[in-house]
Structures are given as structure tokens and as C-alpha cells.
Chemist: 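Input: one structure, supplied below.
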Amino acid sequence: MSYQYKKEFQQFLVEWFQREKRDLPWRKTKDPYKIWVSEVMLQQTRVDTVIPYYENFLEKFPTPEVLAEAEESFLLKQWEGLGYYSRARNLQAGVREVVESYGSIVPNTRDEISKLKGVGPYTAGAVLSIAYGVPEHAVDGNVMRVLSRVLLIEDDIALPKTRKVFEKAVMDLIDPDHPSDFNQGLMELGALVCTPTSPKCLLCPVRDYCGAFAEGRTAELPVKVKKTKVKKLHYDVYVIENEAGQICMEQRPATGLLANMWQFPMVEQTADYSGIAQYTKEHEIELHGQEELVELKHIFSHIVWHLKAFYVKGESKSGKWFTLDEIEHLPLPVPMQKILQSYRVHTKKL
DNA sequence: GATGCGTGGCG
DNA sequence: TCGCCAAGCAT
């Protein structure tokens, strides 16, 4: 690609971004910590979803020092509903490292910042270019889609090794004078114009530099293999209330799905169904009565939960029991929030 | 390199 | 209804 082509592409992209960029809260700052927080929240998550979480998070944790000292349950409570909860734990671990080893200054080289927990190739490049103006690649799904079309790159973007192809392309194409606007411009273009379906090519600032547009192939790119079907799991869920009006809750394991989040007791419905009988025996709970609360389906990225929730009265000396007010302060995944709401409606405890 | 890891919006 | 998607990373 010619020098002239490259300079024109950079100029059209950067000027379009400066003119058309959305007014987003993390675009009001160059504080590396705040940029970092925004980038972690934006991983696999829509902008509109992130905005209120970002605002609240920085109110609760305005500096790396405050986040470093936060309790994990309080941290998870702020992340509640945003999903991919390991992001929060990894962010805190990374921030603690910055506070302890870097004098609370986020490092400004790819080598150093990449060592931080939760900071991968994309987040490293995003923080470096946006907060520090370092000409580094920041390749996400948007960038791969845009450049696959512009440069007619036909590698399967679902394959991990393909990211390197685009990183190389960005390093060749990036505007050394405006790395932040260039990287954000590619992503903004992907979000607003060069969308997965029905790209708005007539509004595109680099249409004349796009191979896919020239060849009428925007619908064919990027190449991406399809995912396989997800695993279905069926559970009965028990909202168990004792005489004192407390409710039994359990904390999920520290690793894996919804790690360390809280839930009502769940019993998987398997082929050799034993149901609640086995659970109550194991946990020494005596149940009285059983009323259906709600049935719901919860779709994870790789699993589908079919939940059938019941309201029962029970007593137990073991298990962890909480009042409604206390449950409010526990980090709950969305399906448990929905069941809690059904319980409130059912028992009129609103 | 393949898999695990949330959630809500959209056509 | 449902599959796909949205500013990825850890293991």
C-alpha cells in the first residue's frame, strides 16, 4: 500500500472520529486508571450497558488505592449484573500490582502493562494508545471487522491466531501522530458504520479505500465460523424461609461459573432424579409445604439454565441464613435476582 | 488452540 | 423464537 494511500486513510478516519465520536464518559479523561476501568468493562459488553456501571464504579473506587483496598464482596456488588465477574477480580488484582509495584502509576509500555492481571493484548494497546498516546495496536472485534473489509483479509476471525494478522496490519496502518483517535476511530467506525449486518457504506469516511466496498463483498466479510450449540442444565431452586423470616443462601465456589456469587440452594434435575430429598438430607433441613414461584430460562454464553423455583418453609441448624436486607448486600447473578423478585411478589414483601 | 466465562439487545 | 452478537482474557 502506498504512502499516500496510508496518509489519506489515516486523515479521513481520524477527522471523521473527531467530528462524529459519541459523547461517552470515559472520553472526558485521559487518566490511565479510568481508561483501564472502561476498557475492562467494555470487554464483550455493549456501551449502553457499561455507562451506568462505569459512573458508579468510579464513584465507589475513584483511585487505584481505593480499589486496591476494597472488599471483594463489595467489589462484586458493584459489578453485579455486568457479567464476566472474573474481570472485576482480575482488575482489582492488576490495580493492586500497580499500587504496590509501580507507585500507583499505570505502566506505559506494552511489556509491563501486559503483565498485569486481566490485561491482554487488546486492553494493553487500548490503554497505551488512549491514555498515553503510544502508537500501539488495539485489536478488538470491531477492528477485525473493519479491516477485514478494508484490506480484504479473509482469515477466520474466530481463530486466535488471526488476531496477530490484524495487529500487524494496524501497526503498518496506524497514524503515528494520532494513535488514540486512530484506534478509537477504527472501533467507532465498526460500532456506528461498518456494522456486522447492513453496514452504512454511504456514510463511511474511508469508503474509497475499502476493498470490500469496491468489490461489493461487504456481506462476505469478515469470515467467521459458527459456534456449536450450548449445554442445557435443569435445576430446581429453593427459596427456603425459616420461622424467623430468614432465607437460606449458599455461596458458589471460588472458581468457575459465577465464582463467589450467591444463590438460593439449587438441585440439578438429572436422569437419576433424587431432587430436594437428597439435598435436605445432606444439609439437615426439614421442609414444610412447597409453592411454585417461577420458571425461567437463563442463557449464558455456553450454558442454558432451566430453573424452576419454589417457595418453602424450612428449618436447619446448618446452612447460612440471611434477612432480606442482608441479601440485598450479597452479589447475586441475574437469575437469582429474578427469583428474589418473584419471592417478593409472591410473599408481598415489596 | 480450545474452552470457560454473563448479560441484554436485536433482526 | 432464537442465534448472533458486544471495545477479550485466563487457563
Side-chain angles (χ1 to χ4, degrees), chain A residues 17 21-22 24-27 35-54 76 79-91 93-94 113-131 137-146 156-164 166-167 170 180 183-192 194-198 222 224-233 252-261 263 296-305 331-338:
Chain A
F17 176 72
K21 65 182 177 185
R22 288 168 290 177
L24 302 174
W26 45 89
R27 288 183 175 159
I35 300 295
W36 185 5
V37 169
S38 74
E39 291 301 337
V40 171
M41 286 187 169
L42 285 163
Q43 289 167 12
Q44 302 297 101
T45 311
R46 313 182 88 85
V47 164
D48 288 345
T49 303
V50 167
I51 291 173
Y53 282 91
Y54 173 83
L76 285 176
W79 208 272
E80 181 184 83
L82 195 54
Y84 286 138
Y85 300 96
S86 290
R87 291 184 295 177
R89 271 188 295 274
N90 289 338
L91 174 61
I113 200 171
S114 296
K115 289 175 184 165
L116 301 173
K117 204 78 169 177
V119 177
Y122 164 76
T123 305
V127 174
L128 291 174
S129 60
I130 297 171
H137 59 77
V139 175
D140 70 341
N142 283 314
V143 173
M144 289 198 281
R145 182 172 59 257
V146 170
D156 181 356
I157 66 168
L159 299 177
K161 64 178 180 182
T162 300
R163 196 194 69 243
K164 295 187 178 66
F166 288 94
E167 288 175 351
V170 170
S180 173
N183 280 341
Q184 291 191 78
L186 283 180
M187 292 188 276
E188 194 79 341
L189 195 62
L192 301 182
C194 195
T195 45
T197 58
S198 324
K224 189 175 187 180
V225 295
K226 306 194 176 189
K227 286 181 285 187
T228 57
K229 282 197 172 181
V230 300
K231 185 179 179 184
K232 293 181 181 177
L233 295 173
R252 295 182 59 87
T255 59
L257 184 67
L258 302 171
N260 282 351
M261 305 283 284
Q263 64 186 17
L296 62 91
K297 180 169 74 170
H298 187 76
I299 304 169
F300 298 95
S301 50
H302 56 307
I303 296 171
V304 178
W305 275 1
L332 303 181
V334 166
M336 294 303 144
Q337 294 180 47
K338 290 179 178 173

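Computed from a predicted model, the values in this text were never measured in an experiment. Letters go in sequence order (proteins before strands), and every chain restarts at 1.
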Chemist: Rounded to the nearest angstrom, tell me the gap between atom CG in A/Asp156 and atom P in B/dA2.
Modeler: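 One finds 10 Å between P of B/dA2 and CG of A/Asp156, rounded.
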
Chemist: With a 4.0 Å cutoff (strictly under), does any side-chain N or O of A/Lys297 reach OP1 or OP2 of C/dC2?
Modeler: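 Yes, such a contact exists.
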
Chemist: Taking the C1' atom in each of B/dC5 and C/dA6, what is the distance between them to the nearest angstrom?
Modeler: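 Their C1' atoms lie roughly 15 Å apart.
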
Chemist: Are any side-chain N or O atoms of A/Arg87 and backbone N or O atoms of A/Gly83, one a donor and one an acceptor, separated by less than 3.5 Å?
Modeler: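 Yes: the side chain of A/Arg87 pairs with the backbone of A/Gly83.
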
Chemist: Mapping A/Pro121 and A/Val225 to their closest nucleotides on DNA chain C, which lands nearer the 5' end?
Modeler: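 That would be A/Val225.
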
Chemist: Under 4.0 Å, counting only non-hydrogen atoms across every strand here, what does A/Ser38 touch: a base, just sugar-phosphate, or nothing?
Modeler: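 If one applies the 4.0 Å heavy-atom cut-off, A/Ser38 turns out to touch nothing in the nucleic acid.
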
Chemist: Let me know the distance between OH of A/Tyr122 and C1' of C/dA10, rounded to the nearest Å.
Modeler: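 It is 18 Å, rounded to the nearest whole Å.
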
Chemist: OP1 or OP2 of C/dC2 less than 4.0 angstrom from a side-chain nitrogen or oxygen of A/Lys232, does that happen here?
Modeler: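 No.
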
Chemist: Rounded to whole angstrom, note down the P distance from B/dG8 over to C/dC9.
Modeler: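 It works out to 23 Å between them.
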
Chemist: Please give, in whole Å, the distance from C/dA6 P to A/Asp140 CG?
Modeler: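 Checked: the CG to P distance equals 10 Å.
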
Chemist: Could you work out the separation of C/dC4 and B/dT3 based on their P atoms and round it to a whole Å?
Modeler: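 It works out to 16 Å between them.
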
Chemist: Identify, between A/Leu42 and A/Asn90, the residue whose nearest nucleotide on DNA chain C lies closer to the 5' end.
Modeler: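 Upstream on the strand: A/Leu42.
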
Chemist: Looking at every strand, decide which applies to A/Leu24 at a 4.0 Å heavy-atom threshold: base, sugar-phosphate, or nothing.
Modeler: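 Base, at least one base atom sits under 4.0 Å.
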
Chemist: My understanding is that only one of A/Thr162, A/Val139, A/Val143 makes a side-chain contact (heavy atoms from CB on, under 4.5 Å) with A/Glu167; could you say which?
Modeler: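 The side-chain contact (heavy atoms from CB on, under 4.5 Å) with A/Glu167 is passed solely by A/Val139 among A/Thr162, A/Val139, A/Val143.
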
Chemist: Check side-chain hydrogen bond (donor to acceptor under 3.5 Å, both in side chains) between A/Gln263 and all other residues, then give those that pass, not counting sequence neighbours.
Modeler: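 Checked A/Gln263 against side-chain hydrogen bond (donor to acceptor under 3.5 Å, both in side chains); matches are A/Glu250, A/Arg252.
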
Chemist: Any chance the rings of A/Tyr54 and A/Trp26 have centres within less than 6.0 Å?
Modeler: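 Yes, the ring centres sit under 6.0 Å apart.
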
Chemist: Please report the distance, rounded to the nearest Å, between CZ in A/Arg89 and P in C/dC9.
Modeler: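 Taking atom P of C/dC9 as the reference, CZ of A/Arg89 is at 17 Å.
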
Chemist: Using atom CH2 of A/Trp36 as one end and atom C1' of C/dC9 as the other, report the distance to the nearest whole Å.
Modeler: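 Atom-to-atom, A/Trp36 to C/dC9, this comes out as 14 Å.
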
Chemist: Could you tell me the separation between the NZ atom of A/Lys164 and the P atom of B/dG1, rounded to a whole number of Å?
Modeler: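 Taking NZ of A/Lys164 and P of B/dG1, I get 7 Å after rounding.
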
Chemist: Atom CG of A/Asp48 to atom C1' of C/dC5: distance rounded to whole Å?
Modeler: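 Those two atoms, CG and C1', are 14 Å apart.
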
Chemist: Sugar-phosphate means primed atoms, P, OP1 and OP2; the rest is base. With that split, encode nucleotides 4-11 of chain B 5' to 3' as B, S or - using protein heavy atoms under 4.0 Å.
Modeler: SBBBB---

Chemist: Before you tell me yes or no, could you show the steps for A/Gln43 and A/Tyr122 under side-chain hydrogen bond (donor to acceptor under 3.5 Å, both in side chains), namely the whole-Å CA-CA distance, both residues' side-chain angles and the distance that decides it to 0.1 Å?
Modeler: CA-CA 9 Å; A/Gln43 289 167 12; A/Tyr122 164 76; over 6 Å; no

Chemist: In whole Å, I'd like the distance from the CE atom of A/Met144 to the P atom of C/dC4.
Modeler: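 Distance, rounded to whole Å: 17 Å.
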
